[in-house]
Every structure is written in structure tokens, then in C-alpha cells.
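Worksheet for the structure shown next.
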Amino acid sequence: QVQLVESGGGLVQTGGSLRLSCAASGRTFNSYNMGWFRQAPGKERAVVAAISWSGSSTYYADSVKGRFTISKDNAKNTVYLQMNSLKPEDTAVYYCAAGNYYKDSSGLGGINYWGKGTLVTVSS
């Protein structure tokens with residue numbers, strides 16, 4: 001069993017930065033591929049970034065490439081999402097997830113666990 005708890009969301013102006021953290025409990029964290037998803041009002045939840053269990057491979061949605069960086073610290077059981085140059089369209093609830101598989105083409109799949117989410121609001 002893995003529990004995921006996100007933090008770091010908040011209100012930021014356009015062009016600003018935030019770093020989201022996802023703290024995981026459970027001894028098997030190191031073996032999980034991890035990802036960040038987001039869901040804006042009226043839209044479906046979609047993958048933003050993903051990282052393989054070893055941290056050697058990463059995936060980014062086209063909309064965030066060059067602006068967001070995902071990283072994983074297995075020693076701290078934590079995955080991060082550094083978000084720079086934020087835009088109003090980045091406004092959403094951001095969810096951390098742990099999944100069975102990672103793909104360079106699509107990110108994270110076989111989701112086993114979800115966090116409860118943290119709200120990011122980017123003002124124009």
C-alpha cells in the first residue's frame with residue numbers, strides 16, 4: 001500500500017514559479033514509476049509529467065515542455081514538479097500518481113495510487 005500526499009500548490013502570477021511535492025509512504029516507493037496529472041474545471045484529467053522508477057527517464061506533455069521539471073528522490077520517498085513560467089492555462093488541481101509502467105511516448109500508466117490533489121491557480 002502506498003499513500004501519496006501532495007503539497008506546494010497555491011496562487012501565483014503569470015510567469016511565476018511553484019514547486020509541488022508528493023510525499024509517499026510505503027517501502028515499495030522506489031519501485032514505482034511516478035507522475036503528475038492535472039485536471040482543470042470541465043476538462044479531463046491528463047498527464048503532465050512522468051518519471052521512471054529509477055529516475056533515468058522522464059516524459060512531459062507538450063504543453064509544459066521546457067517549463068516543468070519532474071524529479072524523484074528515492075531516499076526521501078518524494079517526487080517533485082518544478083513549474084516555471086506559469087501561465088493561466090496551467091491552473092488546475094494537480095495530482096500525484098504511482099503507476100505500474102512508464103512509456104516515453106505517453107508517460108505513466110497502470111495507475112495504482114492517487115493523491116488527493118493540490119490546487120494551482122495562475123492569475124493573469
Side-chain angles (χ1 to χ4, degrees):
Q1 188 76 10
V2 174
Q3 291 186 325
L4 305 174
V5 179
E6 303 96 335
S7 62
L11 174 64
V12 64
Q13 291 185 334
T14 296
S17 298
L18 283 174
R19 188 176 82 155
L20 305 183
S21 299
C22 172
S25 63
R27 291 177 293 176
T28 59
F29 172 78
N30 292 358
S31 64
Y32 277 99
N33 304 291
M34 301 295 295
W36 287 94
F37 291 69
R38 70 185 179 188
Q39 187 167 19
K43 295 188 177 181
E44 292 186 354
R45 191 176 300 188
V47 63
V48 173
I51 189 167
S52 61
W53 67 271
S54 65
S56 62
S57 299
T58 55
Y59 165 88
Y60 297 96
D62 287 342
S63 59
V64 307
K65 279 181 182 177
R67 300 189 297 123
F68 290 11
T69 303
I70 188 171
S71 59
K72 189 172 185 266
D73 188 335
N74 285 336
K76 295 183 178 180
N77 280 12
T78 302
V79 62
Y80 303 97
L81 185 68
Q82 177 66 43
M83 305 186 295
N84 298 327
S85 302
L86 283 161
K87 305 175 181 179
E89 51 264 43
D90 294 318
T91 295
V93 177
Y94 284 71
Y95 298 90
C96 178
N100 282 330
Y101 63 85
Y102 165 88
K103 288 185 177 181
D104 286 333
S105 58
S106 60
L108 190 68
I111 305 297
N112 299 105
Y113 304 102
W114 290 97
K116 293 185 178 181
T118 185
L119 177 63
V120 171
T121 303
V122 184
S123 62
S124 57

Pairwise side-chain contact, [X] with [Y], heavy-atom cut-off 4.5 Å (strictly under):
| X | Y | value |
| --- | --- | --- |
| Leu81 | Val79 | no |
| Ser63 | Arg38 | yes |
| Tyr60 | Arg67 | no |
| Ser71 | Tyr80 | yes |

Taking all non-hydrogen atoms of both residues into account, name the closest pair between [X] and [Y] and its distance.
| X | Y | answer |
| --- | --- | --- |
| Leu20 | Thr118 | CD2-CG2, 4.0 Å |
| Ala92 | Leu119 | O-CD1, 3.6 Å |
| Tyr102 | Ile51 | CD1-C, 4.0 Å |
| Tyr59 | Asp104 | CD1-O, 3.2 Å |
| Leu4 | Cys96 | CD1-O, 3.7 Å |
| Ser85 | Ser17 | N-OG, 4.3 Å |

ILVMFWY cluster, Tyr113 and Ile70 together (side-chain gap under 4.5 Å): yes
When you measure from the side chain of [X] to the backbone N and O of [Y], does any donor-acceptor pair fall under 3.5 Å?
| X | Y | result |
| --- | --- | --- |
| Tyr32 | Ala97 | no |
| Ser57 | Ser52 | no |
| Asn77 | Ala23 | no |
| Asn33 | Trp53 | yes |
| Glu6 | Lys116 | yes |
| Thr78 | Lys76 | yes |
| Thr91 | Val122 | yes |

Chi angles and distances behind the side-chain contact (heavy atoms from CB on, under 4.5 Å) call for Ser106, Val47: CA-CA 8 Å; Ser106 60; Val47 63; over 6 Å; no
Distance, nearest 0.5 Å, that separates CE of Met34 from OG1 of Thr58: 14.5 Å
Working for side-chain contact (heavy atoms from CB on, under 4.5 Å), residues Met83 and Val64: CA-CA 9 Å; Met83 305 186 295; Val64 307; over 6 Å; no
More than 12 heavy atoms from other groups under 6.0 Å of CD on Gln3: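 No, the 6.0 Å shell around CD holds no more than 12 heavy atoms from other groups.
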Test applied, ring-ring contact (aromatic ring centres under 6.0 Å, His included); reference residue, Phe37; option that passes from Tyr94, Tyr95, Trp114: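 Between Phe37 and the candidates, ring-ring contact (aromatic ring centres under 6.0 Å, His included) is satisfied uniquely by Trp114.
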Salt-bridge present (Lys87, Asp90; N to O < 4.0 Å):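 No, this pair does not count.
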